[in-house]
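Positions are given from 1 along the sequence. The structure displayed is predicted, hence computed values, not measured ones.
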Amino acid sequence: MNFPELKLSQTERDFNFDFAILEHDLSYFFEKRCLDYALEHINRFNHKIKDNLYNVRPLILKEALISLTCDLASVSFYHYLNMITFVNLRKDILHYLTTTTLTNDDFMPLLESIVNNYFSNLDTLDIPIDGTRLSKQVALVVYYIDNHCDEPLRANTILEELTLDPEYTKRKFRKELGFTINFYIRHAKLQRAKQLLINTGLKSIFETGFKRHSEPRLPSTAQINH
């Protein structure tokens, strides 16, 4: 099948090129969890294109936002974050973009809102774990993590300790829960550190082996701004 070429003006070609660079940068910062750098690059991009933004058709702007949404979702899947959260977020954003008439004035606020929504959902565990519905191997891993989250934990070390087949158990864990063993380790340590903070003060956080994961979770964004 031959796809018809979309004719672009020089301004639109320049916009697409600049946005492709921004999209690459935002994906990298999302992978590295660097919201401040992401917003800084958005501001630079805005400063560069603001004089010509109104010479770009809204269709082109909408397609750029759709591309970014899918790209950020792909990064989240590849790096084994909570798949269910990001599948639903992608669905909601794409539905909004494809069913709403957007203007040039909508572009920058929507760009910032999409990025903030993705970052705000990092490490969000959105489903309760019902141990009675899990296979024996997965339930055993969950139980072990819950009862050893004060210790340094790695997926392979846990599986070796429990004498479970690493590749099989990792696949089964992700299939049954929608996220990886390492994701659940981070979540369990975060919950433990929060509880210690409440009970015994800030000093206790650093007694859990949580130094690498003690940064506060970003505040959630309710939905895409209209």
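For the residue pair C149 and K189, the shortest heavy atom distance occurs at O-NZ, 3.1 Å. Here the closest non-hydrogen pair linking A38 and V115 is CB-CG1, 4.4 Å. Counting all heavy atoms, side chain and backbone alike, A155 lies closest to I181 at CB-CG2, 3.7 Å. Taking both residues in full, the closest heavy atoms of L22 and I42 are given as CD1-N, 4.1 Å, listed atom of the first, atom of the second, then distance. Of all non-hydrogen atoms in N104 and L53, the two that sit nearest each other are ND2-O, 2.9 Å. Across all their heavy atoms, N55 and S9 have their closest contact at O-OG, 4.4 Å.
Cluster membership for L162 and I145, using ILVMFWY side-chain heavy atoms within less than 4.5 angstrom, is shared. One hydrophobic cluster, built from ILVMFWY side chains closer than 4.5 Å, holds both L6 and L97. In the hydrophobic clustering of this structure, L65 does not group with I21; members are Ile, Leu, Val, Met, Phe, Trp, Tyr whose side-chain heavy atoms approach within less than 4.5 Å, directly or through other members. No continuous path of hydrophobic side-chain contacts links L94 to L59 [ILVMFWY only; heavy atoms under 4.5 Å]. Using a 4.5 Å cut-off between side-chain heavy atoms of Ile, Leu, Val, Met, Phe, Trp and Tyr, with links allowed through other members, Y143 and L153 fall into different hydrophobic clusters.
Residues L159 and Y144 fail the side-chain proximity criterion, which asks for heavy atoms closer than 4.5 Å. Put simply, the side chain of F15 reaches to within 4.5 Å of the side chain of L61, judged on heavy atoms. Using a 4.5 Å heavy-atom threshold, the side chains of L68 and F19 count as touching. The shortest distance between side-chain heavy atoms of L177 and Y184 does not fall below 4.5 Å. For the pair R186 and F183, the minimum side-chain heavy-atom distance is below 4.5 Å. Between H47 and R44 the shortest side-chain heavy-atom distance does not fall below 4.5 Å.
Expressed to the nearest 0.5 Å, how far CD of Q137 lies from CG of L164 amounts to 6.5 Å. In this structure, OH on Y96 lies 6.0 Å from CG on L102, to the nearest 0.5 angstrom. Rounded to the nearest 0.5 Å, atoms NE2 (H24) and CZ (F29) are 9.5 Å apart. Within the model, atoms CZ of F86 and CG of L89 stand 7.0 Å from one another, a figure rounded to the nearest 0.5 Å. If you take CG on L140 and CG on L134, they are separated by 11.0 Å, rounding to the nearest 0.5 Å. To the nearest 0.5 Å, atoms CD1 (I49) and CE (M108) are separated by 6.0 Å.
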Exercise. Apply the test side-chain contact (heavy atoms from CB on, under 4.5 Å) to residues Y37 and E40: give CA-CA distance (whole Å), side-chain angles for both, the deciding distance (0.1 Å), then the verdict.
Key: CA-CA 5 Å; Y37 285 115; E40 179 183 332; 4.1 Å; yes
Exercise. Let me see the working for V75 and Y28 under side-chain contact (heavy atoms from CB on, under 4.5 Å), right down to the final yes or no.
Key: CA-CA 8 Å; V75 171; Y28 175 79; over 6 Å; no
Practice problem: Could you go through the side-chain contact (heavy atoms from CB on, under 4.5 Å) check for L111 and N46 one step at a time? | Solution: CA-CA 10 Å; L111 171 59; N46 183 37; over 6 Å; no
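Counting only distance, with no hydrogens or angles, the side chain of S76 and the backbone of A73 share a donor-acceptor pair below 3.5 Å. When atom types are taken as modelled, the side chain of Y118 and the backbone of T69 share a donor-acceptor pair closer than 3.5 angstrom. Listed for the D106 side chain is a donor-acceptor partner under 3.5 Å among the backbone atoms of T103. Side-chain N or O atoms of D18 include none that pairs as donor or acceptor with a backbone N or O of F45 at under 3.5 Å. A donor-acceptor contact shorter than 3.5 Å links the side chain of N116 to the backbone of E112. Judged by distance alone, with hydrogens and angles left aside, the side-chain atoms of E176 form a donor-acceptor pair with the main-chain N or O of S135 at under 3.5 Å.
No side-chain donor-acceptor contact under 3.5 Å links N52 and T11. Remark: the E160 side chain and the N156 side chain contain no N/O donor-acceptor pair separated by less than 3.5 Å.
Listed by first then second residue, pairs satisfying salt bridge (charged side-chain N to carboxylate O under 4.0 Å, His left out) with a partner in residues 49-68 read E12-R57, not counting sequence neighbours.
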